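Written below as structure tokens is the structure these notes are about.
Position 1 is the first residue of the sequence, and the numbers go up from there. Worth saying up front: this structure is predicted, and the values here are computed from it rather than measured. All heavy atoms count here, side chains included; hydrogens, waters and symmetry mates do not.
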Amino acid sequence: MGLRKKQIRMLLLLLIFILLYSAWTINNSQSQLSNEDFIRFHVIANSDSKEDQQLKLKVRDGILAKINNELVQEAMSQELVAYQNPASQSPAYEDLTENNSRVQLNLDESRKYIMKNLAQIETTAEKIVSENGYAYSVKAELGVKWIPQKTYGEIVFPSGNYETLNLTIGEGQGHNWWCVLFPPLCLIGLEPDEDENPEVIQEIQEIYNDILLDDKYDPLMREYDEPTTLKLKFKTLELIDKIK
């Protein structure tokens, strides 16, 4: 009888251990995000004058619309090719069928797009600057920058080094603007200013709603009652000079 009780006790202890381990595994799997899973966006105004600060926001809106629209179009074209050639059994085709034909973006493709289109991003930004009556140059760079703690909606990103698309307007002596370019969180918690185009904001938000991200980004999409700081694993990032 004593042996029987010992066996039951051992089984209960084993069950408790399994439950605790399962809970730890689930929690740990939701904390696998690192600074290498993001591409941030940094826009620096020419100066702190009201006009230059307003221009900064117009450039921001135009570049966000361009990047997100073109990334989604590129992802959709890849999904279409995979769908038309199911015999290839490519990962894109599997994602398409499993995810009910929703577009899926990924970090590597976003990085490649940005690197290949840096000159075009500069040209687009300079066109926006010119259309608003200014002759400032614009410099676009993709590299690693140290970013202070920032809050987007209810998500707090800790300070640290992140891969960043950096856009400098003119002298770059004005207040800057930060956001998360990938995954596309740039509009979370962002309220359009009176001079901003609400149609541009709405268009980008609709694009975001149609994007399916990797499951590891799920914690970013939850609704929180109060600001929650992400527990990121900070890894070493190398400066990106070119795409091979």
Can you name the closest pair of heavy atoms from [X] and [Y] and give their distance?
X: N46; Y: E171; result: OD1-N, 2.7 Å
X: G172; Y: T168; result: CA-CG2, 3.6 Å
X: W178; Y: T164; result: CZ3-CG2, 3.9 Å
X: N161; Y: N35; result: O-ND2, 2.8 Å
X: I169; Y: K56; result: CD1-CA, 3.9 Å
X: V129; Y: L55; result: CA-CD1, 4.0 Å

Quick one: side chains of residues 36-45, donor-acceptor pairs under 3.5 Å with protein atoms, not counting sequence neighbours, listed by atom name and distance.
residue : atom : partner : partner atom : Å
D37     : OD1  : K216    : NZ           : 2.7
D37     : OD2  : S34     : N            : 2.8
R40     : NH2  : Y152    : OH           : 2.9
H42     : ND1  : N166    : OD1          : 2.5
H42     : NE2  : N176    : ND2          : 3.1

Could you grab the distance from atom [atom1] of [X] to atom [atom2] of [Y], nearest 0.5 Å is fine?
X: Q149; Y: L230; atom1: CD; atom2: CG; answer: 10.5 Å
X: K112; Y: N106; atom1: NZ; atom2: CG; answer: 8.0 Å
X: E126; Y: T123; atom1: CD; atom2: OG1; answer: 6.0 Å
X: K66; Y: I128; atom1: NZ; atom2: CD1; answer: 9.5 Å
X: I121; Y: K139; atom1: CD1; atom2: NZ; answer: 12.0 Å
X: Q120; Y: I63; atom1: CD; atom2: CD1; answer: 9.5 Å

Report yes or no: does D52 contribute a side-chain atom to a donor-acceptor pair with the main-chain N or O of D48 at less than 3.5 Å?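 Not at all, since once roles are kept as given, no pair shorter than 3.5 Å links the two residues.
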
Please check this pair: side chain of E163 against backbone of V144, looking for a donor-acceptor N/O pair closer than 3.5 Å.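 Checking the backbone N and O of V144 against the side chain of E163, no donor-acceptor pair under 3.5 Å is found.
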
Just wondering, do [Y] and [X] contact through their side chains at under 4.5 Å, heavy atoms?
X: F157; Y: V180; result: yes
X: Q53; Y: E51; result: no
X: L118; Y: L165; result: yes
X: S110; Y: L181; result: no

Salt bridge R111-D108, side-chain N to carboxylate O under 4.0 Å: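 Yes, R111 and D108 are salt-bridged.
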
Assert yes or no for the condition that the ring centre distance of Y162 to F234 is strictly below 6.0 Å.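 Between Y162 and F234, the centre distance is under 6.0 Å.
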
Counterpart residues, side chain to side chain donor-acceptor pair (under 3.5 Å), relative to E122 (two or more places apart):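 Partners of E122 by the side chain to side chain donor-acceptor pair (under 3.5 Å) criterion come out as none, since no residue qualifies.
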
